[in-house]
Number of protein chains: 2
Amino acid sequence: MKTLRVPEATVTRLSIYSRFLERLDKNGVTTVSSGEIAEGVGVSPAQVRKDLAYFGEFGTRGVGYNVKDLLKYTLKILGLDQPWSLAIFGAGNLGFALCTYRGFNIRSFHIAGVFDNDPTRIGKKIGNLEVQPLDKFPEIVKSENIRIGVIAVPVSAAQEVADLMVKNGLEAILNFAPVALNVPDHIEIRNVDLSVKLEILTFNLGFRAAQNL
Amino acid sequence: MKTLRVPEATVTRLSIYSRFLERLDKNGVTTVSSGEIAEGVGVSPAQVRKDLAYFGEFGTRGVGYNVKDLLKYTLKILGLDQPWSLAIFGAGNLGFALCTYRGFNIRSFHIAGVFDNDPTRIGKKIGNLEVQPLDKFPEIVKSENIRIGVIAVPVSAAQEVADLMVKNGLEAILNFAPVALNVPDHIEIRNVDLSVKLEILTFNLGFRAAQNL
DNA sequence: ATATATTTGTTATTATTTTCACATTCAGAC
DNA sequence: GTCTGAATGTGAAAATAATAACAAATATAT
């Protein structure tokens, strides 16, 4: 094993492998090969092995991987062996959906606060959470030890929210607003654009089809 | 201009450029350079020009690009110069959010049907849409000329829904369930995983930090 | 008209990522 | 013990993508 820069694509796949391993484990499967993982998530077996090789040797030649062990390792690598508190900004339809989304509430994630500036939304219950006004943010960041913020507000408010997050010491931002945000270099930021892949589909149905590619 | 395989990353960025151009146009900007686009969406100017070069020559040397024209071209390339009807499966929180999501209702997209198998959801109104039972799907696919399906159901039901979509002649699927679906080769399918990027953030805050990378 | 400042389109270069191929290792059968 | 079949880990090769660099083209000022 060598330690070098890990491609982000590798981390992406690791997250997917780990979810697949969770399912295997739940189904009582104890051993799995790179080929079976590959088949299960839609990549090549060599890719699976190469990805894992960035982090160590987890398998047994001639046998494969122990599901429980590999799951534990992948979770550890992803940083999911510790709890993470999230703050979600925006209690509209998307924010609401994210608050109840399984992926944001399982594993080590925990939504510690939902914020909105709309008086008609403040105080509303989402599960056992209550929508908070923005001015409660600094206090809750501290009390809940929040390091990651999620932006689910309209484009027009996104930069302002990002600034607020940075000002209050958050270290990472997951941005669902389709706009490039300006944040300092030390802030980890990733964008999730819900419609980009939809437009990849229309591109493929249209343009590519026309060219017979 | 040469015609060769267009990288998917290029199509992804094109979608982002086009949204940025829409904003410029709305703000009355008439001309833009590759550098300004790059700055606005967070890539390099060379990347912008390279991406556009796959499809033609749209700019004027020494000047830049005409915003309205380039917007029109990018929309055309993405297949957004024609209307697209969508079917959304799953009227839970995520399905609900997608039904009201701007990106799925602007440009040339139009949600032509929402389906669920839960009797407590069927008949409910989402905007001016009404949640339909699954058995209405074949009829609505035809009457609304639906070619793209969106999966917003739990993992346990996702494959079944995908099969139903394929059986009814849909050509493309946008899948929000975190599982690899099995579909015939001629079906265009893309997955949107809402929590993968969240786990990239925790990876970067944890593992990478530990290694000082 | 000419010179100058810009900015594109494109080729060459560099970097990154994926695939391939195989030696190595292990478990189990005999 | 030894042999056989299976699956890993990895270095080399191939494919892909991003960056850099620059000639070509255009508008503007003089």
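The sequence lines fix the lettering, A, B, ..., with proteins before strands; numbering per chain opens at 1.
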Peer 1: In whole Å, what is the span from the CZ atom of A:F55 to the C1' atom of D:dT8?
Peer 2: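 It is 17 Å, rounded to the nearest whole Å.
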
Peer 1: For A:Y17, check ring-ring contact (aromatic ring centres under 6.0 Å, His included) against everything at least two apart and list the hits.
Peer 2: none

Peer 1: Just jot down the side-chain hydrogen bond (donor to acceptor under 3.5 Å, both in side chains) partners of A:T100, sequence neighbours excluded, or say none.
Peer 2: B:N93

Peer 1: Students often mix this up, so state it plainly: with edges at 30° and 60°, are the rings of A:F58 and A:Y73 parallel, tilted or perpendicular?
Peer 2: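 Tilted.
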
Peer 1: Check nucleotides 27-30 of chain C for protein N or O atoms closer than 3.5 Å to its own N or O atoms and list the pairs.
Peer 2:
none

Peer 1: Side-chain atoms of residues 165-182 of chain B: list all donor-acceptor pairs with protein atoms under 3.5 Å, sequence neighbours left out, distances to 0.1 Å.
Peer 2:
{"from": "B:N168", "atom 1": "ND2", "to": "B:L164", "atom 2": "O", "distance (Å)": "2.9"}
{"from": "B:E171", "atom 1": "OE1", "to": "B:R147", "atom 2": "NH2", "distance (Å)": "3.0"}
{"from": "B:E171", "atom 1": "OE2", "to": "B:R147", "atom 2": "NE", "distance (Å)": "2.8"}
{"from": "B:N175", "atom 1": "OD1", "to": "B:A177", "atom 2": "N", "distance (Å)": "2.8"}
{"from": "B:N175", "atom 1": "ND2", "to": "B:A177", "atom 2": "O", "distance (Å)": "3.0"}
{"from": "B:N175", "atom 1": "ND2", "to": "B:V179", "atom 2": "O", "distance (Å)": "3.2"}
{"from": "B:N175", "atom 1": "ND2", "to": "B:N191", "atom 2": "OD1", "distance (Å)": "2.8"}

Peer 1: Suppose we screen for side-chain hydrogen bond (donor to acceptor under 3.5 Å, both in side chains). Which residues come up paired with B:T74, at least two apart in sequence or across chains?
Peer 2: none

Peer 1: Does A:R49 have any salt bridge (Lys or Arg N to Asp or Glu O under 4.0 Å) partners at least two apart in sequence or in another chain, and if so, which?
Peer 2: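 For A:R49 there are no salt bridge (Lys or Arg N to Asp or Glu O under 4.0 Å) partners, ignoring immediate neighbours.
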
Peer 1: Which residues pass the salt bridge (Lys or Arg N to Asp or Glu O under 4.0 Å) test with B:E22, not counting sequence neighbours?
Peer 2: B:R107

Peer 1: Who passes salt bridge (Lys or Arg N to Asp or Glu O under 4.0 Å) against A:D25, sequence neighbours left out?
Peer 2: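 For A:D25 the salt bridge (Lys or Arg N to Asp or Glu O under 4.0 Å) partners, ignoring immediate neighbours, are A:K68.
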
Peer 1: For residues 19-48 of chain B, which residues have at least one heavy atom under 4.0 Å from DNA chain C?
Peer 2: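 Residues of residues 19-48 of chain B under 4.0 Å from DNA chain C: B:S33, B:S34.
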
Peer 1: Just jot down the ring-ring contact (aromatic ring centres under 6.0 Å, His included) partners of B:F96, sequence neighbours excluded, or say none.
Peer 2: none

Peer 1: Rounding to a whole Å, what distance do you find between A:D69:CG and D:dT8:P?
Peer 2: 15 Å

Peer 1: Distances under 3.5 Å only, N/O to N/O: pair up the protein atoms with those of nucleotides 12-16 of chain D.
Peer 2:
{"from": "D:dA12", "atom 1": "N6", "to": "A:K50", "atom 2": "NZ", "distance (Å)": "3.4"}

Peer 1: Phosphate oxygens OP1/OP2 of C:dC26: is one of them under 4.0 Å from a side-chain N or O of A:Y65?
Peer 2: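 False: A:Y65 side-chain N/O out of range (4.0 Å or more) of C:dC26 OP1/OP2.
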
Peer 1: If the condition is ring-ring contact (aromatic ring centres under 6.0 Å, His included), which residues does B:F20 pass it with, not counting sequence neighbours?
Peer 2: none

Peer 1: Grab the OH-P distance between B:Y73 and C:dG9 for me, whole Å please.
Peer 2: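 Spelled out: OH on B:Y73 to P on C:dG9 is 11 Å.
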
